[in-house]
2 protein chains.
Amino acid sequence: MVKIEDVAREAGVSVATVSRVLNESCGVLPETQEKVRLAVERLHYEPNLSARNLRKNESRIILILAPNFSNPYYSNVLSGICDVSRNLGYSTLIYNTYDSNALDEKLVTSLFQKNRADGMITLAVNRDDYWLAQYAEKYPLVQCSEYVEEAAVPHISVDNRLAAKESVQHLIVQGHRRIAIVTSTNRYLSSTNRLRGYLDALEEAGISRDDSLIAYASADYSFASGKQAAKDLLSLPEAPSAIFCVSDILALGAIASAGKMGLQVPWDLSVTGFDDVDYTTMFHPYLTTVAVPCYELGRRSMLLLYDHITQKPGAEREVYLPHQIILRETTAPQARTDA
Amino acid sequence: MVKIEDVAREAGVSVATVSRVLNESCGVLPETQEKVRLAVERLHYEPNLSARNLRKNESRIILILAPNFSNPYYSNVLSGICDVSRNLGYSTLIYNTYDSNALDEKLVTSLFQKNRADGMITLAVNRDDYWLAQYAEKYPLVQCSEYVEEAAVPHISVDNRLAAKESVQHLIVQGHRRIAIVTSTNRYLSSTNRLRGYLDALEEAGISRDDSLIAYASADYSFASGKQAAKDLLSLPEAPSAIFCVSDILALGAIASAGKMGLQVPWDLSVTGFDDVDYTTMFHPYLTTVAVPCYELGRRSMLLLYDHITQKPGAEREVYLPHQIILRETTAPQARTDA
DNA sequence: GATGCACATGTAATGGATTACATGCCGTTT
DNA sequence: AAACGGCATGTAATCCATTACATGTGCATC
């Protein structure tokens with residue numbers, strides 16, 4: 001394996017000079033730089049990262065805590081993170097948390113130290129994981145998508161509350177008054193904020209809150225639980241004419257449920273989803289939903305984390321990316337049969 | 001940061017002894033081992049991986065070449081790889097190849113050297129990437145799912161040819177005679193082998209090959225291209241009564257196409273998929289398909305790679321995991337209207 | 001009792017890059 | 001002309017764990 005010493009000999013300079021050319025490049029004569037660069041090329045020299053990392057006291061490893069990345073939402077985020085981290089010269093160590101409830105400070109700290117990661121990105125912390133705050137004082141950390149509201153830890157997300165509100169407002173504009181929500185029993189801030197946005201929209205429109213219209217699906221947004229929640233809602237004496245679901249899969253479940261009960265979406269029931277994952281346009285009716293820029297969230301998380309690792313002055317602590325309401329085929333004006 | 005010297009002092013032994021306890025553990029008295037272990041615990045010592053890797057001349061990094069891991073197939077494989085590699089103490093550097101055609105030996109070698117990976121797992125090489133053979137002589141490599149048939153490079157996969165044959169045989173048993181296949185223009189061996197299996201089944205049943213029943217979807221198995229391919233097939237003067245699709249998404253596309261043309265699956269048309277990804281049971285009719293153990297493929301890839309990295313004697317070069325034909329709702333006996 | 005060997009442990013070299021500090025040269029100032 | 005300063009470059013210390021080799025102890029053998 002060719003090392004820096006070989007390059008130095010080949011170029012007729014010292015190792016320090018080679019290193020300087022490879023790193024800072026300042027204070028080295030242009031012609032010397034050129035000599036070094038040629039030698040590097042001739043010998044196909046690649047610096048040994050272990051040695052560099054040892055000396056610089058960094059690992060160039062980023063720890064990513066992700067629950068179940070078969071979920072297209074997370075896999076898109078992951079794509080974004082990986083693409084950027086590769087460009088910045090970081091390896092990503094993906095730790096599959098499966099059930100995010102299993103996370104605690106001890107586990108994370110030990111993971112961190114064992115792998116000597118330079119920083120960490122979480123994809124799904126619970127809104128009450130307060131221990132993150134203390135953790136973040138010691139190590140660079142960025143929370144992506146989900147975050148702890150009360151802790152001043154860097155995070156990047158969309159404005160879930162506003163997006164939910166806009167989505168429900170769309171239903172209201174279409175004449176719906178009995179609007180249900182299928183949220184989840186998980187402890188994600190996004191679920192909470194989407195519920196808040198739903199309530200905001202109702203309140204602003206002067207529609208009084210009806211708790212029987214708030215249904216809870218399982219923590220993992222499973223299709224089956226979406227189906228069940230929708231079934232419960234549609235079995236109500238006064239069934240809703242529209243259902244706002246906090247995830248696309250739940251919405252698909254809701255549509256399946258409606259079909260089973262003889263209701264046609266969107267004519268008999270409007271349904272909206274959240275996230276805009278791939279399969280929202282795989283079956284008719286195509287799902288009306290809120291597009292969340294997953295890939296971009298991933299990209300920006302890594303960029304933000306990098307800013308914090310390198311202690312860039314003025315690195316942001318709160319970033320919100322724009323969402324987009326995508327109107328497709330699962331919402332229609334309320335048929336005025338109940339009026 | 002506490003280092004080995006601190007532990008040695010704390011335990012009242014030399015650094016060599018500490019290192020021995022941490023690594024080999026042989027030739028050290030049990031009571032000395034205990035002393036060291038206690039000191040490690042007291043000081044929360046974690047060895048510096050850069051230093052260790054530098055000395056041992058390894059990186060504990062595995063390079064994974066994956067195209068588009070939003071595809072649930074790949075994300076499941078990835079899950080498997082990541083879980084195992086974490087346990088073995090490896091970081092995974094996931095390189096998103098997007099379009100696997102862009103891969104060549106130069107890129108891979110440079111990726112490898114730059115990251116000083118200890119080994120590599122490919123998830124989607126083309127069947128004609130012959131350069132892999134030379135590459136594999138220099139570096140530990142395992143091909144997962146897709147591989148180069150002619151090269152004696154370690155690979156792990158399912159028996160795609162047999163699985164396809166069995167799947168088509170199921171259709172034949174149900175009375176179908178005009179059976180079409182939707183394969184892909186990509187250069188994956190799996191596509192080729194699934195086509196071969198399809199032909200095997202026909203031949204064995206004495207059904208003569210009809211090239212007009214072989215349709216090609218796009219390289220990325222997109223839903224839209226599955227739709228289009230099925231549409232072409234169903235527009236044939238003598239339309240097929242069953243379509244074997246080489247991926248689930250293509251099958252879903254085919255079902256969508258059939259619906260659009262007024263055909264009911266499975267009564268008017270049988271459809272089968274391949275892979276058994278999540279959303280095969282998200283909509284009725286649930287898809288009849290071939291279950292491929294993606295997660296297990298990932299797991300075993302990493303284990304196999306580890307065997308090769310550690311030069312375990314007798315490490316396998318060819319592994320085939322069992323598949324399973326899953327009969328659900330998209331296949332039915334041929335209605336004998338054409339007899 | 002001297003020699004040799006096995007065994008537990010210690011000492012110091014090693015891996016490859018970075019970087020603080022040292023050196024030497026040249027031009028400027030007084 | 002002496003002194004100084006800036007600049008390009010070199011020398012050597014450093015990061016921390018591993019491990020070849022050295023040391024020392026105790027036991028068995030002749």
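In the text below, chain A, chain B and the rest are named by the order of the sequence lines, each starting its count at 1.
- Nearest to the side chain of A:Ala16, among D:dT18, D:dT11, C:dT11, sits D:dT11.
- Using modelled atom types and a 3.5 Å distance limit, the side chains of B:Ser145 and B:Tyr73 yield a donor-acceptor pair.
- Rounding to whole angstrom units, CD of residue B:Glu46 and C1' of D:dC16 are separated by 15 Å.
- Separating the OG atom in B:Ser91 from the CD1 atom in B:Ile61 is a distance of 5.5 Å, to the nearest 0.5 Å.
- Judged by atom type and distance alone, B:Arg52 does not reach the base of D:dT18 through any side-chain donor-acceptor pair under 3.5 Å.
- Closest non-hydrogen pair, B:Cys144 versus B:Ile121, comes out as CB-CG2, 4.1 Å.
- Comparing D:dA12, C:dA17, C:dG10 by their nearest atom to the side chain of B:Arg20 picks out C:dG10.
- Residue-level contact check: A:Leu54 touches the bases, meaning some heavy atom is under 4.0 Å from a base atom.
- Between the NZ atom of B:Lys56 and the C1' atom of D:dA20 there is a distance of 15 Å, rounded to whole Å.
- Relative to the side chain of A:Leu29, the nucleotides D:dA8, D:dT11, C:dT18 differ in distance, and D:dA8 lies closest.
- Within a 6.0 Å radius of CD in A:Gln311, other residues, nucleotides and ligands contribute 12 heavy atoms or fewer.
- Protein atom CD of B:Glu31 is 16 Å distant from nucleotide atom P of C:dC7, rounded to whole Å.
- For B:Thr17 and B:Ala51, each mapped to the nucleotide of DNA chain C holding its nearest heavy atom, the one lying further toward the 5' end belongs to B:Thr17.
- With 3.5 Å as the limit, one finds a donor-acceptor pair spanning the side chains of A:Asp118 and A:Ser59.
- Taking only side-chain atoms of A:Asn48, from C-beta outward, the nucleotide of D:dT11, C:dA17, D:dA17 with the closest atom is C:dA17.
- Taking atom CZ on B:Arg55 and atom P on D:dA20, their separation rounds to 8 Å, with Å as the unit.
- The A:Val28 side chain lies nearest to D:dT9 when the options are C:dT18, D:dT9, C:dT14.
- Atom CZ in A:Arg60 sits roughly 17 Å away from atom C1' in D:dC15 (whole-Å rounding).
- Regarding contacts with the backbone of D:dA17, every side-chain N or O of B:Ser50 stays at 4.0 angstrom or more from both OP1 and OP2.
- Look at B:Thr32 and you'll find a side-chain N or O under 4.0 angstrom from OP1 or OP2 of C:dT9.
- A tilted orientation is assigned to the rings of B:Tyr135 and B:Tyr139, their planes being inclined by 30° to 60°.
- Both the sub-6.0 Å distance and the 45° axial angle are not jointly satisfied by A:Arg127 relative to the ring of A:Tyr147.
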Salt bridge (Lys or Arg N to Asp or Glu O under 4.0 Å) between A:Asp6 and A:Arg9, intermediate numbers included: CA-CA 5 Å; A:Asp6 304 323; A:Arg9 196 176 321 114; 3.6 Å; yes
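- Nucleic acid contact class of A:Ser19 (heavy atoms, under 4.0 Å, all strands): base.
- Checking the phosphate oxygens (OP1, OP2) of C:dG16, no side-chain nitrogen or oxygen of A:Tyr45 falls inside 4.0 Å.
- Axis angle between the ends of the helix from C:dG1-D:dC30 to C:dT30-D:dA1, five pairs each and rounded to 10 degrees, works out to 60°.
- Contact between the side-chain N/O atoms of A:Asn23 and the OP1/OP2 oxygens of C:dA17 is not found at any separation under 4.0 Å.
- When distances are taken from the side chain of A:Lys3 to each of D:dT9, D:dA17, C:dG16, the shortest belongs to C:dG16.
- Put simply, CD on B:Gln33 is 13 Å from C1' on C:dT9, counting in whole angstrom units.
- Between C:dA12, C:dG10, C:dA17, one nucleotide has an atom nearer to the side chain of B:Val15 than all others, and that is C:dA12.
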